[in-house]
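The structure displayed is predicted, hence computed values, not measured ones. Residue numbering restarts at 1 for every chain, and letters A, B, ... go by the order of the sequence lines.
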Amino acid sequence: MIHTRNLSLSFGNKEILRNITLDIEEGGFYALLGANGCGKTTLLRCVAGLLEPSVGEVSLGREKRPLKAFSARELAQKISFVRQQASSDFEFSAFEIVLMGRNPYQRRMQNESQADKEIVERCMRQTNTFHLRNSKPHEMSGGELQRVMIARALAQSTPVMLLDEPTSNLDIAHQFEIMELLRDIREKEGKTILIVVHDLNLALQYCPQTILLHKGDIFQKGKTADVLTPENISTIFGVDAIRENGYLRFCHKDR
Amino acid sequence: MRKTANLFLLAFLLLAAMLGSSMVGVVHFSWDEMWTSPIFWRLRLPRIVLSVMVGASLSVCGAAYQSVFRNPLTDPYILGVSSGASLGAAVAIIAGLQYYLWGIGAFALVTALLTVLLIYRIASIGNRLHTTTLLLTGVCITFLITALISFLMVLHQDKMESIIFWTMGSFASASWLDVALLAPVALVGIAVVIYHSKDLNLLLAGSETAQSLGVEVEKVKKILLFFTTLMVAFAVSTCGVIGFVGLVVPHGIRLVTGADNRKVVPYSIFVGGLFLLICDTLSRTLLPPSELPVGSLTALVGAPLFIYLLYKNKKSL
């Protein structure tokens with residue numbers, strides 16, 4: 001579905017991503033894991049077409065059309081992107097925010113159609129946010145706002161969804177809720193989903209595939225259970241880990 | 001279609017206010033006298049039309065800037081147009097160009113555009129416009145130029161009064177030439193902003209989000225900044241620096257209609273025009289035959305109105 005070939009990116013002299021070659025398969029649910037500063041978010045933004053790599057390219061679909069060849073509007077019909085932190089200083093209602101997801105299908109100066117509004121309602125019901133439709137972001141909790149942002153990505157009706165730490169800042173119950181929602185979306189609608197997460201156990205539980213990044217490089221990719229071994233975790237995060245009943249337990253090294 | 005009905009109502013109000021304003025002044029007219037008087041045709045009407053156009057332009061630009069920069073405190077002068085224009089005007093006044101047709105205006109226009117160009121050059125990184133850098137550069141250059149103007153005034157104290165009066169803004173010398181110069185720029189500029197009003201909504205969510213929702217962010221930002229800058233520069237060159245309108249009119253509208261720029265921008269045209277027309281009419285009728293500076297009247301009339309709106313909305317929350 002998405003292919004990166006020899007992708008490298010530097011900011012000034014600092015190399016953030018090095019020679020990344022990756023094939024994201026259609027209908028897959030991938031976790032992008034790695035320590036802070038390893039380039040996860042940068043890679044996600046490259047894949048989303050928001051950042052242009054210094055070397056290499058990202059392409060989309062079976063015909064492997066490079067992202068550069070898409071207009072912003074065309075790309076927005078293919079890939080949706082949920083940012084790490086939704087801005088909340090924003091005076092639109094949740095319904096209006098989700099309706100923005102229909103923008104890539106609307107012409108300028110044209111008002112939203114009834115069909116658009118029905119899609120928005122369906123996406124809001126699916127994410128359990130329809131009761132919030134008249135609320136402004138500052139009136140919502142972190143979890144509610146995150147679900148509204150996911151509803152907007154859903155309303156974009158894209159085959160690919162990218163999410164940057166959708167579970168950060170959420171309590172444990174809401175973390176499960178978001179992950180289950182994503183699993184649901186992928187199973188029912190066959191979307192390809194790639195998320196950045198920090199919680200390795202969440203990845204282990206919900207994401208069948210994992211891409212493990214280390215210092216701007218792909219350390220290992222494959223089935224999550226195969227990638228998240230105690231040895232890899234020790235190398236990448238500097239933390240001792242044990243696997244028990246399919247879950248990971250951690251303790252800091254040398255303690 | 002409540003929006004259309006409201007816009008028609010506002011347009012009607014504006015027209016009525018223009019007619020009403022035409023009849024009052026140092027010379028009062030009856031309805032019949034007005035249409036035959038050269039004072040009406042040569043002095044009052046161009047002044048009224050100009051004040052409406054400037055009010056509309058500044059308000060629309062303010063609404064656009066506040067969305068592009070995602071900053072509620074941005075006004076149309078944030079990119080240095082006002083300081084640049086004032087510098088040009090000061091130089092023109094010192095050189096004695098005020099006796100030539102459009103002498104000050106031409107100078108003000110050129111320096112305003114040069115200043116903004118300078119700010120863009122400094123603030124653009126590669127091919128991208130970083131809005132925070134743009135704002136900071138704008139503020140910094142504005143301070144620099146204001147300091148230059150102060151020096152100029154100290155060196156030419158005999159011209160100080162004229163320079164200060166110009167920077168306070170006035171429609172007293174409005175002519176059909178001013179109207180003819182501003183009209184095409186204002187019409188095209190306003191049309192461009194309306195055309196992009198949905199993009200402005202998405203830009204409010206942040207440029208990365210806007211991009212991922214299908215907005216060509218860099219292109220749209222450049223188009224909008226180009227046309228709004230031209231509008232503001234032409235407006236300032238005809239009447240000097242009139243503050244408050246561009247900052248507060250869009251906010252006042254937002255308090256009533258919500259943040260959707262598809263409403264805020266068209267309402268800004270009429271409310272901004274009407275507001276500046278009322279202020280200018282007051283400025284020439286309150287203490288005849290002298291004129292009050294319209295740039296201070298905008299705040300004097302507008303601030304209480306705005307605070308009332310803020311207060312009313314606070315209670316409803």
Side-chain angles (χ1 to χ4, degrees), chain A residues 11-12 41 44-45 47-52 70-93 95-112 134 136-139 148-149 152-153 155-156 158 160-164, chain B residues 1-4 63 66-67 69-73 125-128 130 191-221 223-224 250-251 253-266 310 313 316-317:
Chain A
F11 290 135
T41 297
L44 198 70
R45 292 170 71 205
V47 171
L50 295 169
L51 266 182
E52 208 173 299
F70 285 82
S71 70
R73 187 182 153 89
E74 286 172 328
L75 200 55
Q77 298 177 358
K78 300 286 182 201
I79 301 177
S80 55
F81 180 73
V82 177
R83 273 164 61 93
Q84 190 170 350
Q85 255 161 352
S87 59
S88 58
D89 55 338
F90 193 54
E91 283 300 311
F92 289 98
S93 70
F95 192 86
E96 289 173 306
I97 291 173
V98 179
L99 201 48
M100 288 178 180
R102 300 304 299 163
N103 183 61
Y105 303 94
Q106 294 160 349
R107 257 176 283 152
R108 270 179 218 280
M109 309 293 293
Q110 184 189 43
N111 283 328
E112 290 82 11
N134 294 321
K136 304 270 169 72
H138 63 89
E139 298 161 346
V148 169
M149 293 303 154
R152 182 172 71 194
Q156 247 177 289
T158 54
V160 181
M161 278 177 87
L162 307 174
L163 301 97
D164 193 0
Chain B
M1 292 279 85
R2 244 180 62 208
K3 185 176 124 189
T4 322
Q66 284 158 8
S67 296
F69 293 109
R70 300 179 65 206
N71 184 332
L73 287 178
I125 305 159
N127 203 21
R128 282 172 169 249
H130 191 259
V192 168
V193 177
I194 289 181
Y195 184 69
H196 289 95
S197 46
K198 207 192 280 179
D199 301 272
L200 284 174
N201 286 348
L202 294 160
L203 281 172
L204 266 175
S207 30
E208 203 168 67
T209 305
Q211 181 83 33
S212 71
L213 289 170
V215 180
E216 306 275 0
V217 170
E218 290 301 314
K219 196 173 123 199
V220 168
K221 265 200 267 188
I223 292 175
L224 282 169
H251 281 303
I253 293 168
R254 265 182 219 115
L255 284 174
V256 179
T257 66
D260 189 344
N261 280 297
R262 285 171 295 180
K263 291 181 193 151
V264 175
V265 174
L310 266 182
N313 271 270
S316 72
L317 275 179

Exercise. Taking everything shown except B:Lys221 itself, do over 12 heavy atoms lie less than 6.0 Å from its NZ?
Worked result: yes
Exercise. Listed by chain and number, what are the side-chain contact (heavy atoms from CB on, under 4.5 Å) partners of B:Gln211, not counting sequence neighbours?
Worked result: A:Leu50, A:Ala72, B:Val217
Exercise. Checking A:Leu162 against chain B: side chain, backbone, both or neither under 4.5 Å from a heavy atom?
Worked result: neither
Problem set entry | Neighbour count above 12 (heavy atom, 6.0 Å) for B:Tyr195 OH | no
Problem set entry | Which portion of A:Ser71 sits near chain B, non-hydrogen atoms under 4.5 angstrom | both
For this session: Go through A:Arg152 and B:Leu213 one step at a time and tell me if the side chain to side chain contact (heavy atoms under 4.5 Å, CB included) criterion holds.
Result: CA-CA 10 Å; A:Arg152 182 172 71 194; B:Leu213 289 170; 4.0 Å; yes
Exercise. Where is the tightest heavy-atom contact between A:Gln106 and B:Lys198, given as atom of each residue plus distance?
Worked result: OE1-NZ, 2.9 Å
For this session: Using the salt bridge (charged side-chain N to carboxylate O under 4.0 Å, His left out) rule, collect all pairs that involve residues 199-213 of chain B, keeping only residues at least two apart or in two chains.
Result: A:Arg45-B:Glu208, A:Arg83-B:Glu208, A:Arg108-B:Asp199
Seminar exercise, completed: Of all heavy-atom pairs linking A:Glu91 and B:Ala259, the shortest is CB-CB, 3.8 Å
For this session: Identify which part of B:Arg254 has an atom lying under 4.5 Å from any heavy atom of chain A, answering side chain, backbone, both or neither.
Result: neither
